[in-house]
Amino acid sequence: MKAIINYIKEVVGGVKTLINGMKVTGYYISHPKEIITQQYPENRDTLNMVDRFRGEVIMPHDENNEHACTGCQACEIACPNGTIEIIQDRILNEETGKKKKTILKHVYHLSMCTMCNLCIEACPTDAIEMGKGFEHAVFDRSQLTKVLNKPGSKLRAGVEE
Amino acid sequence: MSVKELHKATQSQEYFVNMGPQHPSTHGVLRLLLTLDGETITKVEPHLGYIHRSIEKMCEKDSYQQIVHLTDRMDYLSCHMNNEAVCLAVEKGLELEVSDRVKVIRTIMSELTRLSSHQLWWGVMGMDLGAITSFLYGFRDREMITDIFEETCGARLTMNYNVPGGVMFDIPANFQTKVKEFITHFRKKLPEYDQLMTNNIIFRNRTEGIGILTKEDAISFGVTGPSGRASGWSNDIRKSHSYSAYDRVDFKEIIRTEGDSFARYKARIDEMWESMNIIEQLIDNVPEGSCREKTKAVIKLPKMEIYQSVETARGELGVYINSDGKKNPYRVKFRSPGFSNLNALNTMAKGGKIADLVTIMSTIDLVIPDIDR
């Protein structure tokens with residue numbers, strides 16, 4: 001007899017714990033305002049990424065199509081994965097008549113980047129920074145290799161001093 | 001052969017089942033070779049190597065600043081503590097004393113990481129046992145922490161926030177308010193976890209008395225972290241080999257004596273309360289000072305061996321650096337908590353059922369990239 005009573009007690013107690021858990025679920029069904037889901041990608045226009053967000057490495061250019069990259073290769077050395085490749089050449093400067101190192105291409109392999117921020121820390125002239133874009137999906141892998149300096153761009157005057 | 005003997009022969013036949021490497025409850029690519037007698041497990045043999053990336057070897061070609069970001073990819077759920085371990089080791093080698101501000105920031109961030117790791121574990125543990133609800137609740141609260149991380153470090157999971165000599169950025173102006181907001185939110189929401197899962201009769205029956213690990217076994221296998229402490233072994237690195245700002249806060253080391261799956265579960269839940277206590281003690285008085293000591297661009301450690309251990313969300317993570325005076329380490333070895341904890345799986349699961357194995361694996365909180373590195 002005692003065993004039966006204990007058994008019934010156990011069942012009733014068990015059902016109670018289940019109902020207790022269901023209460024939490026019930027609360028959120030009746031309080032839809034507490035649900036925090038974001039409707040991405042519908043909210044793209046209002047989506048604000050934080051200032052420090054690391055999406056990709058970008059090189060800001062000003063209105064004269066000038067950047068601040070001197071081609072010192074500090075970012076290339078700092079990068080742990082070989083993500084950055086700087087192709088440069090000695091080009092004759094017409095004003096001084098001397099040959100001077102100039103970057104031709106600042107190649108950035110997004111597919112290898114781990115967004116560790118070490119290149120940004122290493123850059124002495126703040127020529128590169130972390131962009132906020134995060135939708136990197138493309139159809140072909142080769143599209144992930146980017147040239148950061150825009151065509152025809154040159155070094156901003158006064159950066160090297 | 002009589003019918004009786006035939007029956008006996010077929011009953012005792014052992015057979016092998018591969019669990020994984022693509023099994024959802026192994027949380028990654030872990031392959032378990034199970035030896036079964038009917039539904040009863042007689043042996044569990046973990047096979048590793050499916051996500052081996054040779055992080056230790058890669059460290060040998062990297063500079064000391066570059067090593068830090070690789071450790072993010074070991075135990076990605078406690079990446080901040082992994083970063084901290086390497087930074088503390090390098091600072092030990094350089095004999096560099098970081099400011100109080102750095103110590104406090106590191107401690108707060110570590111505890112937030114621990115909270116977020118345990119929240120994810122709690123959600124996934126429910127999922128493993130067949131309750132999808134808990135996953136959604138765990139991730140709801142974890143979202144607030146990842147938002148704080150995103151605003152402070154710029155990334156949500158692989159943060160790379162620590163650098164040898166300090167932290168990469170100073171904390172933002174609204175950091176304290178956001179953390180306090182989270183603590184008040186989570187103090188209200190944590191009892192919901194108990195209501196949903198801890199007190200649930202089905203959950204209790206599936207965890208209580210399952211997968212018992214004795215204190216002796218825990219010590220001999222080196223099962224650290226909440227899993228080891230649930231067996232009654234006091235092994236908290238934060239208490240025994242205090243680092244950063246843990247010596248100036250008052251917190252309890254959660255020790256339980258049962259050693260079963262439920263004890264491991266409860267130890268983690270209680271640890272979440274303790275983590276919140278630690279953060280609350282520190283958040284209001286972050287000392288002023290610089291957030292980063294100046295180091296040379298090329299760090300060279302003298303010829304020496306360094307060992308530094310920290311308490312991650314899973315247990316003791318040890319970093320051993322053997323330096324030969326160059327800018328790259330000669331050898332780096334990580335003593336990862338997941339690897340040691342996995343070794344005890346056979347002892348815990350032997351004699352149990354297959355369904356219990358999932359529970360046991362869940363409660364020792366495996367992260368496969370941490371085991372394989």
Side-chain angles (χ1 to χ4, degrees), chain A residues 9-29 31 34-38 40 47-57 72-84 112-124 129-132 134, chain B residues 58-59 61-63 65-73 83 126 131-134 136-137 139-141 143-144 147-161 163 168-172 174 185 189 191-205 292 297-298 327:
Chain A
K9 261 188 191 169
E10 215 170 88
V11 170
V12 172
V15 170
K16 257 186 199 167
T17 63
L18 295 182
I19 291 170
N20 208 2
M22 293 292 271
K23 265 188 208 161
V24 179
T25 332
Y27 175 79
Y28 286 102
I29 291 174
H31 294 75
E34 298 212 17
I35 298 168
I36 52 151
T37 322
Q38 281 189 27
Y40 177 82
L47 193 66
N48 280 322
M49 301 314 286
V50 291
D51 289 339
R52 287 174 185 175
F53 185 75
R54 303 181 201 153
E56 59 182 327
V57 176
C72 69
Q73 291 181 308
C75 51
E76 197 177 336
I77 295 162
C79 181
N81 315 303
T83 305
I84 295 171
M112 291 198 274
C113 185
T114 54
M115 320 292 170
C116 65
N117 211 36
L118 289 178
C119 55
I120 316 293
E121 300 247 298
C123 185
E129 59 182 52
M130 277 291 175
K132 288 178 191 169
F134 60 92
Chain B
M58 278 159 82
C59 290
K61 64 122 181 117
D62 279 352
S63 70
Q65 289 101 328
Q66 289 172 341
I67 290 174
V68 178
H69 98 288
L70 286 173
T71 57
D72 278 343
R73 276 127 189 114
N83 291 176
I132 287 185
T133 318
S134 67
L136 303 171
Y137 284 82
F139 266 68
R140 173 196 63 191
D141 301 328
E143 181 65 24
M144 289 185 85
D147 278 347
I148 294 170
F149 285 156
E150 196 179 7
E151 215 168 315
T152 316
C153 323
R156 293 166 71 86
L157 192 69
T158 51
M159 294 178 287
N160 192 28
Y161 183 56
V163 288
M168 204 174 250
F169 315 105
D170 206 349
I171 48 173
N174 62 349
H185 167 86
K189 298 296 180 188
E192 267 183 13
Y193 286 28
D194 286 339
Q195 209 180 336
L196 272 170
M197 262 203 1
T198 318
N199 297 329
N200 188 307
I201 182 81
I202 303 168
F203 177 78
R204 287 293 269 265
N205 287 345
R292 194 170 178 177
V298 179
K327 62 174 182 166

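Sequence lines set the chain letters: A, B, ... in the order given, protein chains first and strands last, and positions in each chain run from 1. Quick note: numbers below take in every heavy atom, side chains included, and nothing from hydrogens, waters or symmetry partners.
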If you tally heavy-atom pairs under 4.5 Å between each of B:Asp170, B:Ile202, B:Asp72, B:Asp194 and chain A, the highest tally belongs to B:Asp170

Calculate, to the nearest 0.5 Å, the distance between atoms [atom1] and [atom2] belonging to [X] and [Y] respectively.
X        : Y        : atom1 : atom2 : value
B:His69  : A:Asn117 : NE2   : CG    : 12.0 Å
A:Leu118 : B:Gln65  : CG    : CD    : 7.5 Å
A:Thr17  : B:Met197 : OG1   : CE    : 13.0 Å
B:Asn160 : A:Thr114 : CG    : OG1   : 7.5 Å
B:Glu192 : A:Lys23  : CD    : NZ    : 12.5 Å
B:Asn205 : A:Glu10  : CG    : CD    : 7.5 Å

Side chain, backbone, both or neither: which part of [X] has a heavy atom under 4.5 Å from chain A?
X        : result
B:Asp62  : side chain
B:Phe203 : neither
B:Thr152 : both

What are the two closest non-hydrogen atoms of A:Arg54 and B:Ala155, and how far apart are they?
NH1-CB, 4.4 Å

Shortest non-hydrogen contact from B:Tyr137 to A:Thr25?
OH-CA, 3.7 Å

Side chain / backbone / both / neither for [X] at chain B, heavy atoms under 4.5 Å:
X        : result
A:Met130 : neither
A:Asp51  : neither
A:Ala78  : backbone

If we ignore hydrogens and angles and just use 3.5 Å, is the side chain of B:Gln195 paired with the main-chain N or O of A:Asn20 as donor and acceptor?
yes

Would you mind telling me which of A:Met22, A:Arg52, A:Met115 has the largest number of heavy-atom pairs within less than 4.5 Å of chain B?
A:Arg52

Kindly write out the residues that satisfy side chain to side chain donor-acceptor pair (under 3.5 Å) with B:Asp141, not counting sequence neighbours, or none if the list is empty.
B:His185, B:Tyr193

Among residues at least two apart in sequence or on other chains, which ones pass side chain to side chain donor-acceptor pair (under 3.5 Å) with B:Arg204?
B:Glu208

What do you reckon, is NZ of B:Lys61 surrounded by more than 12 foreign heavy atoms closer than 6.0 Å?
yes

